[in-house]
Amino acid sequence: MWKWLHPYAKPERAYALAGLLLPWFAAISVIAFAVGLVWGLAFAPADYQQGDSFRIIYIHVPSAIWSMGAYSTMAVAAFIGLVWQLRMADMTVAAIAPVGAVFTFIALVTGAAWGKPMWGAWWVWDARLTSELILLFLYLGVIALYTAFSDKVLAGRAASILALVGVVNLPIIHYSVEWWNTLHQGATITKFAKPSISSEMLWPLLIMILAFAAFLGAVTLMRFRNELLMREWNRPWVKAIAQQEK
């Protein structure tokens, strides 16, 4: 496996691979968003308690899931960058952080919009909500550290260390509804033995989770390619690309 991955440690090979994968992630994202949104918003049945207001689940749940998924991926890249000193890994951390921050912000905003009619308040200091807010601050901290240093090697190390420290927050987010008494509802889609959501509502939700995952991949690849071009601007292969695009 490592022999197969080794050639992509070269910036030009990594740039080419990202360009090869990008259209696939983008196409899957567009198709899944179109199918999931139309199915979920127009054809899924209304909830017997919440009515049509439950449909915010098709944005809230995928964005919340991938806010944590993006952070996990970023932390893996941070670990690789610190242990094996791979610049590509540092660039991956920089590429993922803003996307994960946006997903976390969307999860918080949609959660607040959903919580208002359910709980009677836009915000409560619930364990799940508070830990998700901390996740947003962690993302912003990683972004701030990466942009604070002109030396990108040092910036990458500082951002990676914070990313790894913040991993402790992920199990708190996930298990908060089990560890504490919270207003936030428990697991729904992961309870396969006894589902808490009907299949007519579940399938469009799964498609939206796929859509958000593909969107995360597509935007991360675009940002990764841009980061590579900015970091390698004086290399012959970057100048060759610039000449081709003129």
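The chain is numbered in sequence order, starting from 1.
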[X] with [Y], same ILVMFWY side-chain cluster at under 4.5 Å:
X: Met230; Y: Leu86; result: no
X: Ile143; Y: Val153; result: no
X: Val35; Y: Phe43; result: yes
X: Leu82; Y: Trp84; result: yes
X: Ile28; Y: Leu216; result: no

For [Y], is there any backbone N or O sitting under 3.5 Å from a side-chain donor or acceptor partner on [X]?
X: Trp114; Y: Phe54; value: no
X: Ser131; Y: Arg128; value: yes
X: Tyr71; Y: Ala97; value: no

Check side chain to side chain donor-acceptor pair (under 3.5 Å) between [X] and all other residues, then give those that pass, not counting sequence neighbours.
X: Thr110; result: His60
X: Asn226; result: none
X: Gln85; result: Arg157
X: Ser63; result: none

Side chains of [X] and [Y] in contact at under 4.5 Å (non-hydrogen atoms):
X: Tyr15; Y: Leu20; answer: no
X: Ser53; Y: Gln50; answer: yes
X: Trp125; Y: Leu133; answer: yes
X: Val76; Y: Phe79; answer: no
X: Val165; Y: Leu138; answer: no
X: Leu37; Y: Ile59; answer: yes
X: Met222; Y: Val219; answer: yes

Take atom CH2 in Trp203; do more than 12 heavy atoms of anything else shown fall under 6.0 Å from it?
no
Please report the interatomic distance [atom1]([X]) to [atom2]([Y]), rounded to the nearest 0.5 Å.
X: Ile65; Y: Ile173; atom1: CD1; atom2: CD1; answer: 12.5 Å
X: Ile207; Y: Leu202; atom1: CD1; atom2: CG; answer: 9.5 Å
X: Ser67; Y: Leu108; atom1: OG; atom2: CG; answer: 8.0 Å
X: Glu12; Y: Arg235; atom1: CD; atom2: CZ; answer: 8.5 Å
X: Asp52; Y: Leu41; atom1: CG; atom2: CG; answer: 9.5 Å
X: Leu210; Y: Ile31; atom1: CG; atom2: CD1; answer: 10.0 Å

Pairs meeting criterion side-chain hydrogen bond (donor to acceptor under 3.5 Å, both in side chains) with involvement of residues 19-40, two or more places apart
none
Identify the two heavy atoms, one from [X] and one from [Y], that lie closest to each other, and give their separation to 0.1 Å.
X: Phe25; Y: Gly217; answer: CD2-CA, 3.9 Å
X: Ile56; Y: Ala113; answer: CD1-CB, 3.8 Å
X: Ala158; Y: Leu145; answer: O-CD1, 3.5 Å
X: Ala75; Y: Ala163; answer: CB-O, 4.3 Å
X: Gly100; Y: Ala70; answer: CA-CB, 4.0 Å
X: Arg55; Y: Pro45; answer: NH2-C, 3.9 Å

Can you pull the ring pair (Phe, Tyr, Trp, His ring centres under 6.0 Å) pairs that have at least one residue in residues 212-231, sequence neighbours excluded?
Phe33-Phe212, Phe103-Phe212
Report the hydrophobic cluster partners of [X], with the cluster defined as I, L, V, M, F, W, Y residues connected by side-chain heavy atoms closer than 4.5 angstrom, directly or transitively.
X: Val30; answer: none
X: Tyr146; answer: none
X: Phe105; answer: Val109

Taking side-chain contact (heavy atoms from CB on, under 4.5 Å) as the definition, give me every residue that meets it alongside Trp233, ordered by chain and number, with sequence neighbours left out.
none
Do any side-chain atoms of residues 87-96 form donor-acceptor pairs under 3.5 angstrom with protein atoms, and if so which ones, sequence neighbours left out?
| residue | atom | partner | partner atom | Å |
| --- | --- | --- | --- | --- |
| Arg87 | NH1 | Glu232 | OE2 | 2.6 |
| Arg87 | NH2 | Glu232 | OE2 | 3.2 |
| Thr92 | OG1 | Met88 | O | 2.8 |

Can you check side chain to side chain contact (heavy atoms under 4.5 Å, CB included) on Trp237 and Leu229, steps first, answer last?
CA-CA 10 Å; Trp237 68 272; Leu229 292 177; 4.3 Å; yes
Quick note, salt bridge (Lys or Arg N to Asp or Glu O under 4.0 Å) partners involving residues 199-227, not counting sequence neighbours, are none
